[in-house]
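Everything quoted here is computed from the prediction, not taken from an experiment. Residue numbers start from 1 in every chain, and the chains themselves are labelled A, B, ... in the order their sequence lines are given, proteins ahead of strands.
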Amino acid sequence: MDEGQRARGLAPAGDESELSPEAALGLIASERRRALRSLQPDTAVILGVWGVAWLVGFGVTWLASSGWLGRALPPWIAGATIVTLSAAATLVTFGQVLARGRGVHGPSRGTSSLYGWSWLLAMVCLCLLDLALEHQGLPAHLAPLLWTGSTLLVVGLLYLAGGMIWADPLLYGLGAWVLVTGAGSVSLGVPANFAVLSLAGGGGFPVAAVAARVRSWQSAPARP
Amino acid sequence: MTAPRVLPSLDAVIHAQARLRVMVALSVLPFGEQVTFSRLQELVGMTAGNLSTHLRKLEEAGYVVVAKTFRGRTPVTSVSLSRDGRRALEDYTATLRELLAPAAPEADGTLP
């Protein structure tokens with residue numbers, strides 16, 4: 001009998017003693033909640049770290065490009081902040097997906113891995129495209145708009161695809177929000193575009209994270 | 001003259017704590033997904049021997065499918081819930097609710 005079983009007041013696993021209907025329903029609910037927690041990536045955590053990356057990454061870039069802080073905040077710090085935070089959020093996302101999917105196989109794993117490869121392929125090609133345009137004489141003041149606008153177009157579309165694959169309105173809605181804020185931000189020009197991306201774009205993630213957490217509580221009620 | 005209320009009976013294969021927990025853990029996976037024996041063991045917190053015994057009973061009832069495959073040279077045992085198993089768990093849950101529902105007047109022995 002392990003600690004967890006003792007804490008939940010359960011008999012040892014092999015025990016076949018009579019279960020009352022109440023106890024059986026309670027057990028179904030608690031085991032369901034426990035299994036969901038260990039098998040499904042925590043969407044709220046993933047959206048939360050991406051929210052921080054957007055808010056802080058684009059926020060710092062906004063401050064740096066607005067020039068309010070003078071030389072205290074050179075542009076390279078802004079770029080480094082975005083890259084570091086995005087890399088950290090990517091690691092957290094991968095960590096969640098890999099840890100929770102450990103030992104599980106089947107048709108949906110294939111779909112998930114194709115989805116993961118789609119991200120890599122899209123992002124690599126996006127970088128090649130934007131770098132090629134810069135190389136071929138894109139005016140320097142347009143570069144930030146190209147990079148943010150094109151990246152968010154790809155991100156938004158991949159969220160839409162995820163929403164369609166897993167029939168998840170939350171992910172689809174977030175994709176639509178990313179597309180609209182990304183495209184809208186470009187029309188404002190630098191540095192206002194970064195303010196929109198930080199506050200409106202980045203603000204959408206905490207909202208989605210809270211919605212995901214509420215949804216996971218509702219799908220695994222304490223009492224059936 | 002009152003007839004006794006007929007109580008629905010519970011599926012004895014599922015109505016045991018350990019097997020119920022295995023069934024519920026497997027039911028969380030989408031249909032067709034398999035979980036390795038060791039991961040399932042981790043999910044339900046049982047010893048390997050214990051889990052094997054219960055899986056055998058569930059397999060005999062046709063509720064789970066136990067498949068042995070090889071990854072390279074290492075044998076891997078995978079477990080999944082069968083269509084019958086999923087339905088049996090749904091029926092079992094419905095029966096529990098029925099048992100717990102307050103007896104409706106017409107089910108209270110007033111009918112012949």
Side-chain angles (χ1 to χ4, degrees), chain A residues 1-42 97-113 115 165-168 216 219-221 223-224, chain B residues 7-8 10-54 57 65 67 69 71 76-81 89-90 92-101:
Chain A
M1 187 165 181
D2 67 30
E3 286 299 315
Q5 285 171 345
R6 215 186 306 277
R8 280 174 286 136
L10 296 175
D15 186 35
E16 304 232 1
S17 61
E18 193 57 35
L19 265 176
S20 72
E22 288 93 342
L25 270 183
L27 188 66
I28 290 173
S30 64
E31 286 300 306
R32 197 180 138 71
R33 209 168 35 238
R34 208 160 73 102
L36 280 172
R37 237 197 329 259
S38 48
L39 286 168
Q40 289 184 343
D42 193 334
V97 171
L98 294 180
R100 307 297 172 99
R102 204 163 31 87
V104 180
H105 307 277
S108 82
R109 294 294 125 181
T111 308
S112 302
S113 96
Y115 185 66
I165 293 168
W166 291 289
D168 183 350
S216 75
S219 73
R223 297 293 302 174
Chain B
L7 291 175
L10 288 164
D11 186 336
V13 176
I14 306 182
H15 192 61
Q17 201 186 93
R19 289 194 293 277
L20 179 56
R21 288 171 58 203
V22 171
M23 293 285 286
V24 173
L26 291 174
S27 75
V28 168
L29 295 170
F31 185 73
E33 299 284 288
Q34 304 164 328
V35 62
T36 59
F37 183 89
S38 52
R39 185 77 207 279
L40 181 60
Q41 202 188 325
E42 201 179 293
L43 282 174
V44 294
M46 293 181 199
T47 63
N50 225 327
L51 180 56
S52 298
T53 310
H54 290 297
K57 284 187 188 161
V65 179
T69 51
R71 189 173 307 151
V76 181
T77 304
S78 296
V79 187
S80 61
L81 200 59
L89 182 61
E90 279 166 17
Y92 173 79
T93 312
T95 308
L96 287 177
R97 287 184 212 282
E98 209 178 313
L99 283 171
L100 288 174

Does B/Leu43 reach the side chain of A/Arg34, with side-chain heavy atoms less than 4.5 Å apart?
no
Identify the heavy atoms of B/Ala25 and A/Leu39 that sit nearest to each other, and give their distance.
O-CD1, 4.3 Å
Report the C-alpha separation of A/His105 and B/Thr36 in whole Å, then their side-chain angles, then the decisive distance to 0.1 Å, and conclude whether the side chain to side chain contact (heavy atoms under 4.5 Å, CB included) test is met.
CA-CA 8 Å; A/His105 307 277; B/Thr36 59; 3.8 Å; yes
Nearest 0.5 Å, please: how far is CZ in A/Arg32 from CE in B/Met23?
14.0 Å
Do the side chain of B/Arg97 and the main chain of A/Leu25 share a donor and acceptor less than 3.5 angstrom apart?
no
Under 3.5 Å, is there a donor-acceptor pair between the side chain of B/His15 and the main chain of A/Leu19?
yes
Which atom of B/Gly32 lies closest to which atom of A/Pro107, heavy atoms considered:
O-CD, 3.6 Å
So how far is it from A/Glu22 CD to B/Leu99 CG, rounded to the nearest 0.5 Å?
9.5 Å
Whether B/Glu33 side chain and A/Val104 backbone form a donor-acceptor pair below 3.5 Å:
no
Which region of B/Leu20, side chain (C-beta onward) or backbone (N, CA, C, O), has a non-hydrogen atom less than 4.5 Å from a non-hydrogen atom of chain A, or is it both or neither?
side chain
Working to the nearest 0.5 angstrom, can you tell me the gap between B/Leu96 CG and A/Ser20 OG?
9.0 Å
So, does B/Arg39 use its side chain to make a donor-acceptor pair with the main chain of A/Arg102 at under 3.5 Å?
yes
Please test B/Val24 against A/Leu27 for side chain to side chain contact (heavy atoms under 4.5 Å, CB included), starting from the C-alpha separation and ending with a verdict.
CA-CA 9 Å; B/Val24 173; A/Leu27 188 66; over 6 Å; no
With sequence neighbours excluded, residues passing ring-ring contact (aromatic ring centres under 6.0 Å, His included) with B/Phe37:
none
